[in-house]
Amino acid sequence: MIHSLFIINPSGDVFMEKHWKSVISRSVCDYFFDHQRKASSPEDIPPVIATPHHYLISVYRSSMFFVAVCTTEVAPLFVVEFLHRVVDTFEDYFSECTESIIKEHYVVVYELLDEMLDNGFPLATESNILKELIKPPNILRTIANTVTGKSNVSSTLPSGQLSNIPWRRTGVKYTNNEAYFDMIEEVDAIIDKSGSTVCAEIQGYIDCCIKLSGMPDLSLSFVNPRLFDDVSFHPCVRFKRWESERVLSFIPPDGNFRLMSYHIGSQSIVAIPVYVRHSLCLRESGSGGRLDITLGPKQTLGRTIENVVLEIPMPKSVLNCGLVTNQGKYTFDPVSKLLVWEVGRIDVTKLPNIRGTVTNCHFSALYF
Amino acid sequence: MLDSNKDNLKLEAMKRIIGMVAKGREASDLFPAVVKNVVSKNIEVKKLVYVYLVRYAEEQQDLALLSISTFQRALKDPNQLIRASALRVLSSIRVTMIVPIVMLAIKDAAADMSPYVRKTAAHAIPKLYSLDQDQKEELIQVLEKLLYDKTTLVVGSAVMAFEEVCPERIDLIHKNFRKLCSLLVDVDEWGQVVIINMLTRYARSQFTDPNLQDVDEDEESKRPFYEDENEVDEEQQEKRAPTLDPDHRLLLRSAKPLLQSRNAAVVLSVAQLYHHTAPRSEVHQVAKAMIRLLRSHREVQDIVLTSIAATATRRKVMFEPFLKSFFVRSSDATHIKLLKLEILTSLATESSVGIILRELQTYVAAHDPPFVAAAIQAIGRCASNIKEVTDTCLNGLVSLLSNKDQAVVAESVVVIKKLLQTQPSAHREIIIQMAKLVDSVTVPQARASILWLLGEYSERVPKIAPDVLRKMAKTFTSEEDIVKLQVMTLAVKLCLTNPKQTKLLCQYVLQLAKYDQNYDLRDRARFLRHIIFPADAESGGPTRLSKQAKKIFLAPKPAPVPESHFKDREQFQLGSLSHYINTKANGYQELPPFPLEAPDPKARDVETEPQVMEQAPLFTAKKVSSKKDSKFYSDTESPEDESEEDENSSDEDDDDDEEEEDSSSDKDEEEDDNEDEESSGLEEKLPKKVVKSNAKPKSDEEEEEDESDEDDSSSESVSDSDSEDESSEPSSVPKKQTRNAKPAKESTPVVKPKSNLDLLLDLDDGVFCQLISKVLSVIFCFQFLQHLLQS
């Protein structure tokens, strides 16, 4: 199982290490750095690196590498998933997960890691339980603790750990009982040059923020549940009820969590709300070119489209862009060669348009 | 600051020390000062000291021993969290000297009331095992008990320990198999992964291959794998359905809902379970869930795609409907793009190749050089796998030869070379066009490929080939090694087919190679020279070898078959580390092949039958366990002695000591009896009457036991503090209730102790300990009440 964990910042320093079994020297990370040097971008580093004696399994999140060291056979996805859970927990505790924040709260981080793994095997990963064991830091509590001398480590075992619903803490009380649900849908589409859709998929999530007292038992029904052909649930959802009645029945954890996510695959027809009409005029000599892009709504069922952002990765040879927009503003990052156009809301009467010249480029292809 | 009286200062100091540990700085010189604080009342200080201890105890074994007594005391703490964390630290300390103590602690904890402590005990087992391999037998005993546990919290950890300590003892699983299946859904996600992986192995060793008939039929009819698959399956499903073992079916059925888990690791482990053990017609159910994982983090994608790539080489149909999900996005990382290409090419069939090729054409225009190269290779693979499109692919590739990008041209040359080899029919124009490229292409791999092609098919282009050789001879010295080798090959081949024009050139090239820096080249030159131009002085005529030269060099060569390099991964369990890196990782457990005949399925039946019935048929098994018991007792004598010594040194908990002594004396007595019975058991089976008479009261006893257990657990869930502090809390009201409840039970042991001991023999150790402690606690209550009355 997981033997050690190293957290590495973008400049290649190991700034935190934790060992669950005997100590492994941090020189093992040199193999990782070798691969890092070879890779052109941080994303290209292979997630599993085999070294003579150890296996390094890493994830890359918020520009830090979390490298887990294993010595024996273990399902790699198990480790990867756990590392992501660690980062999620940090984000949950400190609201964001950066190098400076981890350094600032190293004691809490250490205590958390200690609770989450025992001998390399996950012990408690539910954030509700962890939060009862180790209280998340905030300014108010720090002051209160210094005054009263209380610690932010609990001395009793959270009762949730023992019950059948380990994700919910007990004794929750709110004066206002509220529950919020966010539906987030992402459409991934590949559109070819002529504008026809090559493939499109929908990935949707239901995120909840539940603040209800006691042990609420909720059920959520959908108007047309047949749409969900491929779903995954938070452990709190009762599988059987969903199988038989297509109703989500669950006792929610306290606070924020992702209730379900669903995937509507490429077989079904997916309507894409926006179309992009582009015209690119390029000069073969490579001294410059012209760019003209118009956006328009498509199959929106009368709803307005807001917060539109268009990202165009430019070829490496592009030096600068001189563009004019009739709506929103654009930025061009000459390092990453990314043109970002923040359009905002699409008005049907006046379609947003961006045009202008691109200096020193020879396009070979453009992807959206 | 560590010596200060105030907790605040101590805490601050500990925080700084932990900071040093976290940054990887050496903090071991502070060890003595830190160890002192292990007795601190402040829970946070204590925790940090624990963290520190675990990190450095291995280096400072002697000093670490100072802290042991504190842990021992904490192991008896009424608070389950403290018990558990004491056991955790105690087992993590890795000092060989304390092995017996840890062993004892694990045994106690394995019989603890709190499932959380039992879980910790399960975690401690592999720790102790890695510390001292000799304890294996004893640990397996404890583990067996933990595997019987019905709490979801414990089961996952117990199976994990099983995997680490004794994965070969598959017999321990038999009786728990059905329970594990039914609990699977409620176990925590990490436990699910471990359990499913273990059960996959179990299924492979215990059930017959569900696809056995299937494979036979396929072979008989020589049907291509992907054709008519569905029809075949439907037919066969009807035939096969009854042959599947009901337990096998249970496993598959209980694992299926987990495909909906949010945890990618769980989903993949279910997928591999289906891949390795399910009938072929059912495997495709997992495809959809695997596709869903592709929307997850980059690392998850990578691992899932690797698994899919390996699966897709064998099961095309499974992923065919999801073809479009593997289309590459420009935002993907390079290695993910490559994996997707790999999958796309494995999935290509006559019907889908059109779409795939169109995609591949777009990819060729991308900006990512390794990706473009892979895309061109993918086109080549599609072309050679599917005969219908070979010509179109070839034309497409030829058009790429005029691409501006050197790398693209080079890659296409290499691929075309391979394609032409598979089709030696006339492709004269292409060869001519490629010959022209020799002037412009600089990539050595491509130049070498062109030269090889010219040499191989020199009869088709009789005029061009010698000319190219002339040019190459001119620039020979400045070429790369790989090109030089091909120049020589070309020269020799031409020399054999067209000696008039090229003999001199050939001699010239070989002469140049003779003085090359590279020894490989020199060797090759020497070798070729002796075949083509045998030393005239010695034999005066052509040697036997040189007569055969034409046959040697111009023999028809088999065309290379481009294959997926994921093909050879079948030997490893899908989704395992070994599978990903394609070499055997440390501690990898081979997936056994299906047995031809299923082992006796009755081994798993035990659980469902009533207790009394169980004893008679299972007598042989009982015998084995009683044998182990004897070992177990004789082994524990020494640790017990030690623990007693320890207790003498710490004279704080008098009551506890009494308890211990009582129990140990009881144990001794019991041991004698046990041996007696054992010997009789070994000689021959006990008469049935004795068994029955023993069994009946015992079952009563156990029922009571169970009831009280249930009571306890229910009271625990209602209000934790009450049950935890049961023995120490001086409130008299609940005491009386328990007292009222217990006399009935107490009367049996007290009134006729002899028979009771007999009964206890059959109880396993954990129940026995619990019983003892309960009896003692009742006695304790009595004493307490007497005190109250007296006062």
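Every chain is numbered from 1, with letters handed out A, B, ... down the list of sequences.
The shortest distance between side-chain heavy atoms of A:L123 and B:K119 falls below 4.5 Å. Residues B:K127 and A:D118 form a side-chain contact, since some pair of their non-hydrogen atoms from C-beta on lies under 4.5 Å apart. B:R88 has its side chain within reach of A:D114: a pair of non-hydrogen atoms, C-beta onward, lies under 4.5 Å apart. With a 4.5 Å cut-off on side-chain heavy atoms, B:H297 and A:Y60 do not count as touching. Side-chain contact between A:Y110 and B:V21: present, with at least one pair of heavy atoms (C-beta onward) separated by less than 4.5 Å. Put simply, the side chain of A:E81 does not reach to within 4.5 Å of the side chain of B:V193, judged on heavy atoms. Between A:E243 and B:K256, every side-chain heavy-atom pair lies at or beyond the 4.5 Å cut-off. Between A:P47 and B:H335, the closest side-chain pair of non-hydrogen atoms falls below 4.5 Å.
For chain B, the nearby part of A:S58 is the backbone; its heavy atoms alone come within less than 4.5 Å. Looking at A:F6, there are no atoms closer than 4.5 Å to chain B (heavy atoms on both sides), in backbone or side chain.
Between A:R61 and B:E299 there is no salt bridge, since none of the side-chain N atoms of the basic residue sits less than 4.0 Å from a carboxylate O of the acidic one. Under a 4.0 Å N-O distance rule, the pair A:D188/B:R295 qualifies as a salt bridge.
Counting heavy-atom pairs under 4.5 Å between each of B:N263, B:L268, B:V300, B:V328 and chain A puts B:N263 at the top. Most heavy-atom pairs under 4.5 Å with chain A, from the set B:A265, B:A22, B:A333, B:S296: that is B:A22.
Of the inter-residue distances, the one linking B:I303 atom CD1 with A:L77 atom CG reads 5.0 Å to the nearest 0.5 angstrom.
Here A:S232 pairs with A:S261, B:R292 under the side chain to side chain contact (heavy atoms under 4.5 Å, CB included) rule; sequence neighbours left out. For A:R241, the side chain to side chain contact (heavy atoms under 4.5 Å, CB included) partners are A:R238, A:E245, A:V247, A:S249, not counting sequence neighbours.
Checked against a 6.0 Å centroid threshold, the rings of A:F121 and B:W190 do not count as neighbours.
Cation-pi geometry between B:K23 and A:Y106 is satisfied (NZ or CZ under 6.0 Å from the ring centre, within 45° of the ring normal).
Atom CZ of B:R329 has more than 12 neighbouring heavy atoms from other residues, nucleotides or ligands inside a 6.0 Å radius.
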